[in-house]
Structure formats: structure tokens, C-alpha cells
Amino acid sequence: MSKEITSREQDYSQWYNDLVIKGGLADYSAVRGCMVIKPYGYSIWEKIQRTLDDMFKATGHVNAYFPLFIPKSFLSKEAAHVEGFAKECAVVTHYRLKNSPDGKGIIVDPDAKLEEELIVRPTSETIIWNTYKDWITSYRDLPLLINQWANVVRWEMRTRLFLRTAEFLWQEGHTAHATKEEAVEETMKMLGVYADFAEQWMAIPVIKGYKTANERFAGAEDTYCIEALMQDGKALQAGTSHFLGQNFAKAFDVKFVTKENKSEFVWATSWGVSTRLIGALIMAHSDDKGLILPPKLAPIQVVIVPIYKTEEQLATINEKATEIKKSLEAKGISVKYDNDDKQKPGWKFAEYEMKGVPIRIAMGPRDIENGTVEIARRDTGEKHTYSFTDLTTKVEHLLEQIQLNIFQKALDYRDEHITRADTWDEFVDVLENKTGFVAAHWDGTSETELKIKEKTKATIRCIELNAHAEEGKCILTGNPSHKRVLFAKAY
RNA sequence: CGGGGUGUAGCGCAGUUGGCUAGCGUACCUGCUUUGGGAGCAGGGGGUCCCUGGUUCGAGUCCAGGUACCCCGACCA
């Protein structure tokens, strides 16, 4: 009763907002475009962090931390980079406040103006490459494989919880290599890490591809990405991996001496994923009753709800539930036993469904008598009664099944929503009515891409890595094309 | 930055033509009864009606200006 969720059909945006807020993941804050990530939402981020961090370490990376502030002059050293980010930078101009002369409040002290303004990092390439200059002198210093977990600020015109906030949390990997081949290899390796994480942990199928010039990261030679499809048929870029060539090395004069004693610029990559992933997670799986979280990232994997009339019954259930909780926890399963007597079972059922807890175990006097529990799975809503015997194994299997099931469901939806279009009318029709990805021919020019965007709001999400050669004609101009690319409306 | 919307109790909202003590649901506190799908009854506490100024005997309500946030778009992860 107290927490109604807007249905997807009624208002998709409102449904999303309801899930975030009523699911207890995050809240609007007093600061424009900035959200408060609440404990439940943050614990999802912590799981994402922990898992990715392990994957980064396993691929040879180490963590470091660079400053939040970037001297303004640094940003302009790489031409394309500054052009891409200039319009959304928060700028620090002063370092002191003082009491207002009229006695009301406090003002910026005009005498405390900075010599050079500081930019709150929108990304850290510049400050990092300025540092790398001092760290790299010889081929022996390479490769340099560093990751940073940080917050960044991009002053977006319009923000959305998790999907696009003015401040967001992310990780950014910045690597330096002796050869182009090695840097390209690194770029692809990390793209693979992201894709594996998205599919195996978040249960979100992704398409690996590369961006057209229009969509490329500011300062990159090539931008690779993983693209996911949300339930409203819009695409969401879930992670990017950039091959930066020697652009930043040249901008910040980062050279190394080869074995042959020659001085050369180093080759670079950068790659990142952000708290936006949580937005993807929410939209990919959830339904009109609330969140559906993949077991591998759910803060609570199993909730146990007692049902009782008397203190004696509760005492018996407490004993059994604690036993079950312990045996599940011994298998690394996170369990919440909610015997809070301030809420009734029905309320708890609804609440944990809203929060996307994958498995709910209900235990009442009836169960104690029969030596059973009732298990409900969040993804399908199915309820079954199981005996205590081998309960832990059953729950483990069920968690695995749920993980696979929601991935399969998302995969089926995604695959059904990749549509080939060969005529303009067909193309527009799919984008308008069926939605999702449209695989179509494109003549390879930025002009055509922009015209299509103007007409349909769809952009080229990526050119698939495994796109096979196929002769055809551009959907708009009819000019020759050698493979299809994926268009979609996107977040 | 353009278009639309909203600011009244923690949250969600109502408040008529300007009218006297600002209300409803929920949440909260107390008590009793309840507990297998968001409990019931009784009692209780809680307000800078977004801000500033104006009109008026009287403003939550009318007028002007400001401000904040949300939604749709343009920009972007």
C-alpha cells in the first residue's frame, strides 16, 4: 500500500525512478544533478568494485590515486580532448569565503582568486599523463598498468539517477605501452573483461564493438564499447575501452628509450565503467513489482521471513532459521533473517520483492511441523515447498538458476530486438515501433550518420567486432556499404 | 538552454469564491487485539504552507519577481 510502483507501460521513466528511490538504492540530493547513493545501492557498487578490481588485478593492473583537481592549462594540451569536455566542466576559481558585508550569510572572498583555475576532473587522462611523464624514461618502465577508483564531475544539462549524474563514481584504467600492438591488445583485453563482467555477473548480454568517429572518446584513436539493450528498447553504453594512440604521449611529451637507444613516444589506453552500470542493472531485469537483481551482485541473496503467532513459535523458528542461515553463510551466501516484529510477513514479502532479493524463504508453524520451508524466487515468482534436507544445496542451485534465467531472458529479449532493415521506411518503422537495435548498411560517412540522427534520433551504437562482410546499400544515401552497423536510440 | 509540471507534517497529497483553529492518507509514539501476501481499533505528537515583496480588515489561496526540483528535448558515460 505504502509504496506503489508506476508500471513500465504507464510511464517507463517514472517506473525507473520509483525502483531507484523506493527500492532504497539512491535518492535525490540537495545538489542539482547529484544523488545520494544509499547503503543498499552502495553495497551493489561495492560488489561491482570488488569483482572488477579482482579482474583488473588478475590482468596485471595495480591501483593508484590522482588528484581531483586539474590545472586548467592541462586540459587544453590535447586538442580533441578539451573540445570534448570543455562544455561540462566544474571550475574552482577561489579558495576562501568570508562573511558578507551586509551581515547576511557568506560570500566568496574576491581577494582569494586562484592564479590558475582548477577543473574538477571530468576524466583523468591529463593529470595522469602529466604524471606519467616523470615516471617513464625507459622501455624497462613499460608497460605501466594503472587503475584508479574515483569520482568525476561532468556538468550535464540533464541528469538521471545512476544513468547520468553530475558527479559519478567510476574506475578509469590508464596504461602506457612500448608498442602500438601491445596497446591495442590491452584495449581489447579490457573490453573483454567488461563484457565478461556484464554477462557473467550482471547477467546482461552485451555487444562488443567499436564506435564511429562521431561517437569516439575525445582524444582517442579508437573507442571500443559494450552495448546493452534496456527493456524499453533503448541501448545503453555499459563500458568503454579506448586506444589512445600516441595522442596523450605527444601532448604531455611522454617518451621512452628503446632497447636500441632510440627515443619514442609511448602508446596509451584508457578504459572505464561507472555507477551507470547500476542503472543498467535495474533496467535490464526488473519488473513492475520492483527490482530483480542478479544473485551474484545482490547485497542480500536470501531473506528468511518467519511467520508466527506466539512467542514459542517464534523461538522455534528462530532456532531453525539461524541454523539455515549459518549453513547458507558457510557456502558464502549472504542471508538476512528478518525477524523484526514491527512488520508483518505480507509487508516483508512485498518489501523484499521491491528490493529484488533473489530468494525468499518463509517459515511458519506449519513448516516446522512438516520439516519444510517455502521458497519463492523473485525472477519467476514461483513458490515451492522444500524439506530441510539438502536445503543449502538447493538454494545454491536455485541461485545459479536465477542468475542464468535472468541472463537468458535478457538475451532472448536482446536477440529478438536486433532487426535487419534494408529500406529507409523499414528502418524508421523498426526504430519507432519495434525499437531495439537495427542492423543496417551505412555508407561510412559522418554526414550520413548525423543526418540519420537528426531524422530518427538513432545513432550508430557500434560496429560489431564480429560483423561479417556483406555488400549492401546505405539505408539513407544508397551508397555502397560493406557491412551492417548497429543503430539504436540510446541513453 | 527551449517546452511542460511541481514546491503545504518524514513521505504521498487535498485545500472551493480570499475568511476565522490548515486538513486527509501513510509513517511515527502509547495501549490492546493481530501475524501463511503491504493488519484492526482507540488515543497522541508533529507545520517557516519554497523565498521576497505587493494588494487586503484578513493571503496556503490573488498579483509581481525570484528560487529549487522533476519530466520531455538538444549535449553526454
Side-chain angles (χ1 to χ4, degrees), chain A residues 1-6 11-18 21-22 27-35 83-89 104 122-123 152-172 194 211 214-218 223 225-228 235-242 270-280 289-290 305-311 313-314 317 339-354 360-370 372-374 376 381 383 385 453-454 457 459 489-491:
Chain A
M1 284 298 283
S2 57
K3 293 182 178 178
E4 284 296 317
I5 294 174
T6 309
D11 184 343
Y12 191 87
S13 293
Q14 194 54 49
W15 167 76
Y16 175 79
N17 287 335
D18 283 355
I21 291 168
K22 293 174 179 171
D27 226 332
Y28 296 110
S29 75
V31 185
R32 190 206 83 105
C34 297
M35 63 177 174
E83 202 191 320
F85 287 104
K87 285 178 285 182
E88 52 189 39
C89 287
K104 291 176 191 167
T123 180
V152 288
V153 169
R154 296 182 188 176
W155 214 262
E156 302 287 352
M157 291 175 180
R158 195 160 94 74
T159 58
R160 301 196 65 186
L161 294 165
F162 286 114
L163 296 173
R164 186 173 300 105
T165 44
E167 178 192 13
F168 57 94
L169 305 182
W170 78 346
Q171 59 68 216
E172 46 182 326
Y194 288 155
K211 293 289 191 186
N214 283 333
E215 300 280 330
R216 201 174 283 155
F217 174 75
T223 287
C225 61
I226 51 171
E227 292 284 329
L236 185 136
Q237 179 177 304
T240 48
S241 183
H242 314 291
S270 71
W271 28 274
V273 298
S274 71
T275 35
R276 172 180 249 207
L277 288 180
I278 296 176
K289 288 161 93 176
V305 177
I307 300 159
Y308 57 93
K309 288 192 172 71
T310 66
E311 287 299 315
Q313 286 172 341
L314 178 61
I317 295 167
N339 63 352
D340 177 358
D341 66 354
K342 288 192 288 293
Q343 301 297 352
K344 294 177 59 180
W347 189 93
K348 291 176 187 173
F349 291 175
E351 183 67 12
Y352 292 109
E353 274 164 9
M354 173 115 63
R360 179 185 75 230
I361 298 178
M363 291 177 69
R366 209 162 68 197
D367 295 298
I368 296 294
E369 204 172 303
N370 303 334
T372 59
V373 294
E374 180 194 78
K383 286 192 271 195
T385 301
K453 186 181 177 184
E454 270 174 42
K457 288 172 190 154
T459 48
K489 291 182 189 174
Y491 276 98

For atom CD of A/Glu351 and atom C1' of B/C11, their distance in whole Å
14 Å
Partner set under salt bridge (Lys or Arg N to Asp or Glu O under 4.0 Å) for A/Arg360, not counting sequence neighbours:
A/Glu353
Pairwise P distance for B/U26 and B/C41, with rounding to whole Å:
9 Å
Quick one: what's the B/S/- string for nucleotides 3-8 of chain B, heavy-atom cutoff under 4.0 Å, read 5' to 3'?
------
I need the A/Trp347 CH2 to A/Lys342 NZ distance, nearest 0.5 Å.
10.5 Å
Just by protein heavy atoms under 4.0 Å, how would nucleotides 68-77 of chain B read 5' to 3' in B, S and -?
-SSSBBBBBB
Please give, in whole Å, the distance from B/U34 C1' to A/Leu314 CG?
15 Å
Pairing string, 5' to 3', for RNA chain B - Watson-Crick or wobble contacts under 3.5 Å, brackets [ ] where pairs cross, | to another strand
(((((((..((((.....[...)))).((((((.....)))))).....(((((..]....))))))))))))....
How far does the P atom of B/G37 sit from the matching atom of B/G5, given to the nearest Å?
44 Å
Working to the nearest 0.5 angstrom, can you tell me the gap between A/Lys309 NZ and A/Leu314 CG?
13.5 Å
base_contact_polar (B/G38 base, A/Gln343 side chain, donor-acceptor, <3.5 Å)
no
Check: A/Tyr16 side chain, A/Leu161 main-chain N or O, donor-acceptor pair, under 3.5 Å
yes
Given the P atoms of B/G73 and B/G54, what is the spacing between them in whole Å?
42 Å
For the atom pair OG1 (A/Thr165) and OH (A/Tyr28), what is the distance rounded to the nearest 0.5 Å?
11.5 Å
Applying side chain to side chain contact (heavy atoms under 4.5 Å, CB included), run through A/Met35 and A/Thr159 and close with a yes or a no.
CA-CA 10 Å; A/Met35 63 177 174; A/Thr159 58; over 6 Å; no
Pairwise P distance for B/C28 and B/C70, with rounding to whole Å:
28 Å
Nearest-angstrom distance, C1' atom, B/G38 to B/C32
22 Å
First locate atom CG of A/Leu277, then atom CG of A/Leu236, and finally report the distance between them rounded to the nearest 0.5 Å.
8.5 Å
Grab the CD-P distance between A/Gln313 and B/U35 for me, whole Å please.
10 Å
Measuring only the C1' atom in each nucleotide, how far is B/G60 from B/C20? A whole number of Å is fine.
15 Å
B/C11 and B/C57: how far apart are their P atoms, nearest whole angstrom?
37 Å
Those residues at least two apart in sequence (or on a different chain) that pass salt bridge (Lys or Arg N to Asp or Glu O under 4.0 Å) with A/Asp341 are none
What distance do A/Glu156 atom CD and A/Glu88 atom CD have between them, rounded to the nearest 0.5 Å?
4.5 Å
Closer to the 5' end of RNA chain B via nearest nucleotide, is it A/Lys348 or A/Glu311?
A/Glu311
Sequence neighbours excluded, the answer for ring pair (Phe, Tyr, Trp, His ring centres under 6.0 Å) partners of A/Trp15 is A/Tyr12
To the nearest angstrom, the CG-C1' distance between A/Asp340 and B/U35 comes to 13 Å
Whole angstrom is fine here: how far is it from CD1 in A/Ile307 over to P in B/G38?
12 Å
Parallel, tilted or perpendicular: which fits the ring planes of A/Phe217 and A/His242, with parallel below 30° and perpendicular above 60°?
parallel
Begin from the C-alpha positions of A/Lys211 and A/Glu227 and carry the test side chain to side chain contact (heavy atoms under 4.5 Å, CB included) through to its verdict.
CA-CA 11 Å; A/Lys211 293 289 191 186; A/Glu227 292 284 329; 2.8 Å; yes
5' precedence on RNA chain B between A/Tyr308 and A/Lys344 (nearest-nucleotide basis)
A/Tyr308
B/A59 versus B/A27 - spacing of their C1' atoms, nearest Å:
31 Å
Spacing between A/Arg366 atom CZ and B/U35 atom P, to the nearest angstrom:
13 Å
From CG of A/Asp341 over to C1' of B/U35, roughly how many Å is that when rounded to an integer?
11 Å
The reported gap from CD1 in A/Ile5 to CE in A/Met354 (rounded to nearest 0.5 angstrom) is 4.5 Å
Starting from C1' on B/U35, measure out to CZ on A/Phe349 and report it in whole angstrom.
10 Å
